[in-house]
Each structure stands twice: as structure tokens, then as C-alpha cells.
Protein chains: 2
Amino acid sequence: MTPIVESFVLHFGEMGSRWGFNRTVGQMYALLVVNKEPLTANQLAETLNISRGNVSMGIKELMSWQLINTKHVPGDRKEYYQALGSIWDMAIKVFEERRKREVDPTLTMLRDVLLQTPANEQEAYAQEKLHEIHDLLETVTTWSKELQSMSPEKLNTLMKLGSGVGKVLEFKDKVMSSVNSG
Amino acid sequence: MTPIVESFVLHFGEMGSRWGFNRTVGQMYALLVVNKEPLTANQLAETLNISRGNVSMGIKELMSWQLINTKHVPGDRKEYYQALGSIWDMAIKVFEERRKREVDPTLTMLRDVLLQTPANEQEAYAQEKLHEIHDLLETVTTWSKELQSMSPEKLNTLMKLGSGVGKVLEFKDKVMSSVNSG
DNA sequence: CTGAAGTTTCAATATTTTCTGAAAGTTTAA
DNA sequence: TTAAACTTTCAGAAAATATTGAAACTTCAG
């Protein structure tokens, strides 16, 4: 590993735990991202100085995140792995996967709890709060799903617009209301 | 704890680790959110069956996330704790804090690495990828900061608009270009 | 079939993180 | 001051998580 690659790989390993996967999975992913050529499981193990078994589990994990692909080289029995398409694709995958793991279970739980009848004043207050949390999470989830279905270019336009989006919204409201009233 | 509160608290404890804090911190926070009245550290420890020391550390953590407030009751020496303002405020705080912990350090590292001169073909490819990641993270960071500065109502309008925002963007482009050319 | 080349599994071990509780620290009323 | 009421700290114990490596499994060419 060259120094540039090494610092990236090590950093990604450390951050890994914050991003929802462990150190070695983070390192493996980082290495695959910056390598033009796909790598074998053994190459990963050797380069990162981790056991072959650990690599096997890490691959399973990255596959479940749909962040890597297998690639077969004709005449070679080994499996080669490479990071998914573009950086945007990867970001969207990570975002989506985290939503599934971090938000969806909570939404399910909240829906269940909100079906129950509050037994007293205190529970009524609690349920009110849970209702607010539920609505917020649902709005955010729906929104993020819709954003994900937009093309990267459009998303980019939207983001670059930044808070200017507020202006556009006001503008739209004005036009809409003048159309409605006129 | 009533059953409704208990299931919420336990769930939040389990999810806690995915949200960036540990089980007991998650439980403490959940309990404070659904309690109208502020609670003392001892009440938290007793209700959740955890040690007083653990509560003290958890409070420190929640304070650093700016998710709870202290409240003083006149004539009482104990400190009372309560969850911050609205659910929106809390969501924005969590989002912001996570960005600081999960994205900012990576951006810093990427900036450093991008200053270096690639030593060979392979490093050039790696740097190219790192550049893409950097730009993406920067765009997202800037955007999320700008969104945070918008009022909850406006944010809500924007989210409820969903992917319809694409339509509004097209519309804006059309108007802009006709203004420019006309 | 057979065995070489490769992959996965999982019990045991190592590492990291969390939690406890006693001791030290702080604040305040008298 | 003093001491009671309360909070924080932190070393060690407990729990959770990650890692290894040897054995089991799979696949395929001959």
C-alpha cells in the first residue's frame, strides 16, 4: 500500500465503527474503492494483515450492504471483488441501508405502541410524543426514499441550490396561488 | 414505568448503539423524552436499574449532544433533567452531531491527502476517487447545514413536496432561462 | 471418483466497550 | 468552618464484539 492509500484505509477503518460496520470491513471497503483492479480475498487478507476467515465474513457483510460485486476472471478459479459503480451509487446505498437498520425498526415499534390505548394522563403525554416522533420519522423516510429515486444530476442541482430552495418554494407558492385565484 | 413507556425505552436502548450512543444513554434519553416532568439523576438510575455513576456519565454524554437541559427546582438542591424542546429540535441536533462525528473528520483527512502528489498511476487513480468522495461529502455537508438553518415549517413543506421538488426545479429553470433570453 | 484450489463456518481467544460502586469532589445551609 | 446532600471520577469487573485459524465444505479439472 502506498502512503496515500494507507492513510485512507486506516482512517476508514477507524471511522468504520461510526458508520455501522467494523474496522476490518471499513478497511476492506476502502481498499477496494481506491483499487482500479478488483482484488481476491487473499489479496485483501495479505494487504491488510488480517485473517482469511475475517475477510470472508467481511465480504459477506459488504455484500449485504450491496457495496461490492464479485467479478470472475476467465481461466481463474478465484473470486475477485470490486467496489460498486460510482461514488453516488455507494453513498445512496450506505444511506439506504442505514435507514433500514436505524429507522425502519423504530417506525415499526412506534406504530405498534400507538395502537394501544393510554391508561392514564402520563401515558397519554408519552403517546403524544411518540406520535410526533413517528410522524417526523415517516416524513423523513418518505422524503429520503423519494430523493433516492431522483437522478444524481438532479440531486446535485438541488443540493447546490442549498437554502435557496426556500426561495424557489416561496416562488412556487406565489405562482400556484395566483393561478388558483385567477 | 408503564408498558408503553417501557417498550419505547427498551427499544431506544437497543437502537442506541446504532444511533451513536450506548444502551443506557439511549434508555435515559427515551425516558426523558416521554416524561413531561423533569427527572433527577437518582430517579433515572432507579427507574432504569442502572448505577448512579453510569447515569452521571450518560448525562454528560447527552449534554454534549445538547439533547437535554438541566432545570432547577427552587428549594431543592438536586438537579433535574429534561429533554430538549421539540422533536424537530432533537432530530436536528442528532443529525448535526452525527455529521460532526461521522463526516467532518473524514473531510479533514481527505483534504490532507489530496494535497499530496500522487507517486504513480495507481495513486493517481486512488486520488481521483478520493476527490470524488471529498466533493460529495462537501456538497452533502454544506447542504445539510443549510437545511438546518431553515425553519421547521419550511423544511416540512419541502419534505412533503417530496420528489415533486424535481418539477419545481424544472419550472424554475424554465422561468430563469426565459427571463435571461427575453 | 479424487484431490487440489478455493471458500465458509464457528469455537476459542483477544480486544473493546460498557457498567459498577466506592472514593473523591462540590455545593450550600447553618 | 462543618457536615449533609448531592455529583463526578475512575479502576476494575462484566458484557459485548471482533478476530483468528483449523476444520468442514464446495467446486471443478483430470
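Below, chain A is the first sequence line, B the second, and so on; all start at residue 1. Below, all heavy atoms of this structure are taken into account, side chains as well, without hydrogens, waters or symmetry copies.
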Would you indicate what A:T40 reaches in the nucleic acid, counting non-hydrogen atoms under 4.0 angstrom: base, sugar-phosphate, or nothing? nothing
For atom CD of B:E61 and atom P of D:dT7, their distance in whole Å: 19 Å
Residue closer to the 5' end of DNA chain C, A:Y81 versus B:S17 (nearest nucleotide): A:Y81
Taken to the nearest whole Å, NZ/A:K78 to P/C:dT8 is 14 Å
Would you mind reading off the distance between B:E14 atom CD and D:dA16 atom C1', rounded to a whole angstrom? 12 Å
Can a side-chain donor-acceptor contact be found between A:N22 and A:T24 if the only test is distance below 3.5 angstrom? yes
OP1 or OP2 of D:dT9 sitting under 4.0 Å from any side-chain N/O of B:S56? no
B:D76 CG to C:dT27 P: how many Å, rounded? 17 Å
Within a radius of less than 6.0 Å around NE2 of B:H72, do more than 12 heavy atoms belonging to other residues, nucleotides or ligands occur? yes
OP1 or OP2 of D:dT19 versus the side-chain N and O atoms of A:T24: is any pair under 4.0 Å? yes
Candidate nucleotides D:dT20, D:dC10, C:dT7, ranked by approach to the side chain of A:A41 - the nearest: C:dT7
Let me know, please, whether B:N49 or A:K60 comes out on the 5' side of the other along DNA chain C by nearest nucleotide. A:K60
A:Q43 CD - C:dG6 C1' separation (whole Å): 14 Å
Using a cut-off of 4.0 Å on non-hydrogen atoms, how would the nucleic acid contact of A:I59 be classed: base, sugar-phosphate, or nothing? nothing
Could you tell me whether B:R23 contacts a base, only the sugar-phosphate backbone, or nothing, with contacts defined as non-hydrogen atoms closer than 4.0 Å? sugar-phosphate
Rounded to whole Å, how long is the line connecting atom CG of A:L44 with atom P of C:dG6? 15 Å
Under-4.0 Å salt bridge between B:E46 and B:R52: no
What's A:N22 touching, base or sugar-phosphate or nothing? Going by heavy atoms closer than 4.0 Å. sugar-phosphate
In whole angstroms, the gap separating P of C:dT27 from NE2 of B:H72 amounts to 11 Å
Residue list, salt bridge (Lys or Arg N to Asp or Glu O under 4.0 Å) with B:E14, at least two apart or on another chain: none
Presence of donor-acceptor pair under 3.5 Å, side chain of A:R77 and base of D:dT27: yes
Listed partners of B:E61 passing salt bridge (Lys or Arg N to Asp or Glu O under 4.0 Å), at least two apart: B:R101
If I take atom CD in residue B:Q27 and atom P in nucleotide C:dT18, what distance separates them, rounded to the nearest angstrom? 13 Å
Report the nucleotide, chosen from D:dT7, C:dT7, C:dT9, that has the shortest atom-to-atom distance to any side-chain atom of A:M57. C:dT9
